[in-house]
Amino acid sequence: MNPLALSASGAAAAALLGVALVVLLYLLKPPLRRFIVPSSLIWDRVLKQTHAGKDRLRWWLSVLLAAVIAAATILAITRPQLIQTGAAGGKMVLVLDNSSTMATRTTDGISRWDHAVARAQEILQSQSAGTRVWLADTMRRISTPGFEDRDAAIERLATLRIAHGGAPRVPLPPPGGQEGAGEPEIVVISDGVQITGVPRKARIESVFDPVQNAGITAFELRPLPADPRRVQAYVEITNGGGTTKEMALALTGMGGRSVARKFEVPAGGARAELIEVSDFDGGPVRASLVMAGDGLADDDVAYAWLPMRRVIRVNLVSEGSPWLEKALRAQPRVLLKVMRPARYADSRDADAWVFDRYAPRTPPAAPALLFHPGKAEWLPAQAGELANPVVTAWDAAHPLLENISLSDLFVERAQKTVARKDGGETILIAAAGNVPLAWVHEQGTRRVSFGFSLEQSNFALHAAFPVFLNNALNWMVSEPTLIKSGLGTMELPLAGARVIAADGAELTARSIPGGSLVEMTEPGFYTAVSAQQRLRIAVNVLNRKTTEVNKSTLKPMVVEASAALPVPAPMRLDPWLLLLLAAVLLLAFEWWSWNRRVTL
């Protein structure tokens with residue numbers, strides 16, 4: 001794009017003005033100067049040897065050369081936009097499929113996306129300079145596409161990248177928003193695997209090439225229900241290729257722990273494996289898959305988190321609460337010990353305490369979860385009782401209530417409590433009038449105190465109650481919160497977060513009200529850090545639609561196995577640059593002719 005570009009009429013006017021200025025300068029004559037000479041004989045001889053017609057021809061040749069040089073220079077600088085009509089100019093809608101399967105390497109070793117970009121360059125270069133192009137992509141990386149000239153579309157094409165998340169769909173310009181008359185030509189470049197919404201009148205350029213591919217489509221670490229101290233890795237491998245393939249799977253954990261397996265997976269099938277990882281140290285665990293001729297790399301790795309504490313020793317103090325005891329025993333990592341209040345004694349063998357309608361006189365050494373605890377100096381002070389309080393607010397950003405909604409929580413009776421004078425408590429759940437129903441204590445030993453019991457509410461009947469218990473235990477024993485995410489843009493519940501990859505590289509995060517947005521482009525383990533909290537993020541593909549790269553609706557493109565890297569369309573010489581070069585050559589010729597006395 002040239003900021004000095006003018007329309008054809010504007011450039012022509014500028015060129016005519018330049019020519020007129022040159023002619024005007026040549027018509028200007030210096031004033032006559034008078035000299036006194038002793039004799040006129042010399043001047044008589046000069047006049048006899050002068051040829052007026054020849055000198056006039058030299059003058060016209062000089063004017064012509066100067067005018068041509070001026071016009072060529074002005075046109076080369078202004079670069080008039082010669083809008084053409086008909087098939088050579090016109091309009092084009094060019095849509096590139098940039099979904100995840102476009103990253104698949106074809107049989108020539110080049111990705112489908114590289115083939116698509118090279119084909120788009122060829123199509124754009126073959127159009128006339130006056131063609132108006134509406135360039136778009138199926139993943140909406142170009143948020144507001146519009147008709148632009150061919151050169152601008154080529155520049156924008158270089159900024160497009162493969163994107164993840166969401167369903168790829170062909171966008172089209174809105175009716176009535178197209179410039180000029182006539183229907184634009186619609187060209188879609190795709191592998192035909194995930195794309196939808198292709199109009200019937202579109203011309204589809206296929207970059208599909210069937211290849212072998214397998215990927216990890218499920219990965220999870222599961223404690224054994226009978227023995228939470230033992231952990232197994234559940235891994236599912238899907239073969240998206242056309243033949244049965246042998247592949248190698250490796251699990252790698254902290255401290256150099258690793259385990260490997262080899263097996264065959266039939267074409268189009270899947271295989272699930274359970275692998276013992278009980279001897280792995282706590283922390284991230286990486287699963288990696290190796291197969292000869294694999295076409296897609298992103299689905300060959302997956303990440304999970306092995307808790308630092310394999311078993312959480314929980315002591316429940318209660319006169320009897322079947323719901324609470326059953327829910328705690330259902331937690332896979334909990335080793336539960338139940339006792340009555342009369343037998344309570346603080347001990348170091350508990351990682352966390354749960355008190356049901358009871359509170360000891362002194363706070364326990366371990367973190368505690370309390371339901372309707374009663375009076376105790378180390379708990380929020382009681383100030384009466386509430387009947388049928390209506391839950392109106394809760395701290396959804398707190399790790400305790402992650403993925404939990406309390407909109408339908410019903411409470412029959414609750415203690416009315418107020419924070420202690422020395423502070424340290426924050427409200428977790430509140431009723432109308434900001435009356436606290438649950439408190440959180442985070443200074444020193446962590447505690448959660450509910451002003452009602454499970455028998456006085458429907459909290460234990462909520463489907464999210466086991467999730468709350470898991471959140472509470474992880475939060476009390478300081479286990480890092482793990483967020484699972486796929487590739488693409490994800491929203492973090494941390495304002496002003498910094499997102500750091502395992503290799504120390506920092507991702508660009510954009511702040512939004514109440515959180516941050518970050519684009520995950522590669523599988524891996526990431527850490528999100530804010531002033532208040534730290535989160536672990538496991539980013540994986542784990543998607544059969546991505547692994548099955550051969551489920552295309554298009555015919556394969558012709559690819560030579562020995563083909564080299566796709567060569568971009570040859571750069572065409574700019575006609576305006578050629579015109580400027582011609583002006584320079586004419587200027588050199590004019591200088592030579594003047595020195596040779598050919599021109600004036």
Can you list every side-chain hydrogen bond (donor to acceptor under 3.5 Å, both in side chains) pair that touches residues 485-510, not counting sequence neighbours?
->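 For residues 485-510: R498-E506.
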Pair listing, side-chain hydrogen bond (donor to acceptor under 3.5 Å, both in side chains) test, anchored in residues 210-219, at least two apart =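 Counting only pairs at least two positions apart or across chains, the side-chain hydrogen bond (donor to acceptor under 3.5 Å, both in side chains) contacts touching residues 210-219 are Q212-T243, N213-D299, T217-E236, T217-T238.
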So do Q194 and P168 actually touch side chain to side chain, heavy atoms under 4.5 Å?
->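 Side chain of P168 against side chain of Q194, heavy atoms only: contact under 4.5 Å found.
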Side chains of K484 and N540: closer than 4.5 Å at any heavy-atom pair?
->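 Of all side-chain heavy-atom pairs linking N540 with K484, none is under 4.5 Å.
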Salt bridge (charged side-chain N to carboxylate O under 4.0 Å, His left out) against [X], all qualifying residues, sequence neighbours excluded:
| X | value |
| --- | --- |
| K201 | E183 |
| R261 | none |
| R200 | none |
| R534 | none |

Using residues 136-143 as the side-chain source, report each donor-acceptor pair under 3.5 Å to any protein atom, sequence neighbours left out, with the distance given to one decimal.
| from | atom 1 | to | atom 2 | distance (Å) |
| --- | --- | --- | --- | --- |
| D137 | OD1 | R141 | N | 3.1 |
| D137 | OD1 | I142 | N | 2.9 |
| D137 | OD2 | N98 | ND2 | 2.9 |
| D137 | OD2 | M139 | N | 3.3 |
| D137 | OD2 | R140 | N | 3.0 |
| D137 | OD2 | R141 | N | 2.7 |
| T138 | OG1 | D97 | OD1 | 3.1 |
| T138 | OG1 | N98 | N | 3.2 |
| T138 | OG1 | N98 | OD1 | 3.2 |
| R141 | NH1 | E519 | OE2 | 3.2 |

Counting N and O atoms only, with roles assigned by atom type, does the side chain of S552 sit under 3.5 Å from a partner on the main chain of D191, one being a donor and the other an acceptor?
->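 Yes; at least one donor-acceptor contact below 3.5 Å.
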Any donor and acceptor pair, going by atom type alone, linking the side chain of N550 with main-chain N or O of V211 inside 3.5 Å?
->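 Checking the backbone N and O of V211 against the side chain of N550, a donor-acceptor pair under 3.5 Å is found.
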Could you tell me which residues satisfy side-chain contact (heavy atoms from CB on, under 4.5 Å) with E205, sequence neighbours excluded, listed by chain and number?
->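 For E205 the side-chain contact (heavy atoms from CB on, under 4.5 Å) partners, ignoring immediate neighbours, are R119, I123, V187, I189, R203.
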Test side-chain contact (heavy atoms from CB on, under 4.5 Å) applied to A70 - qualifying residues, sequence neighbours left out =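 So A70 forms a side-chain contact (heavy atoms from CB on, under 4.5 Å) with V22.
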Test side chain to side chain contact (heavy atoms under 4.5 Å, CB included) on M490 and I537 and set out the steps.
-> CA-CA 10 Å; M490 70 172 300; I537 308 170; 3.9 Å; yes
For S258, enumerate each residue passing the side chain to side chain donor-acceptor pair (under 3.5 Å) test, keeping only those at least two apart in sequence or located in another chain.
->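 If we apply the side chain to side chain donor-acceptor pair (under 3.5 Å) test to S258, skipping adjacent residues, there are no hits.
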Taking only residues two or more places apart in sequence or in another chain, which ones pass side chain to side chain donor-acceptor pair (under 3.5 Å) with E402?
->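 For E402, no residue satisfies side chain to side chain donor-acceptor pair (under 3.5 Å) once neighbours in sequence are set aside.
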Taking distance alone, no hydrogens or angles, what donor-acceptor pairs closer than 3.5 Å link side-chain atoms of residues 284-298 to residues at least two apart or in another chain?
| from | atom 1 | to | atom 2 | distance (Å) |
| --- | --- | --- | --- | --- |
| R286 | NE | Y303 | OH | 3.0 |
| D294 | OD1 | A214 | N | 3.0 |
| D294 | OD2 | L296 | N | 3.2 |

R271 versus F263, closest heavy-atom pair with distance |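 It is NH1-CB, 3.3 Å.
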Examine the side chains of H115 and D209 and answer whether a donor and an acceptor come within less than 3.5 Å of each other.
->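 Note: H115 and D209 side chains miss the donor-acceptor criterion.
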Given the rule in the side chain to side chain contact (heavy atoms under 4.5 Å, CB included) test, do V301 and I216 qualify, once you have shown the distances and angles that lead to the verdict?
-> CA-CA 7 Å; V301 294; I216 301 173; 5.7 Å; no
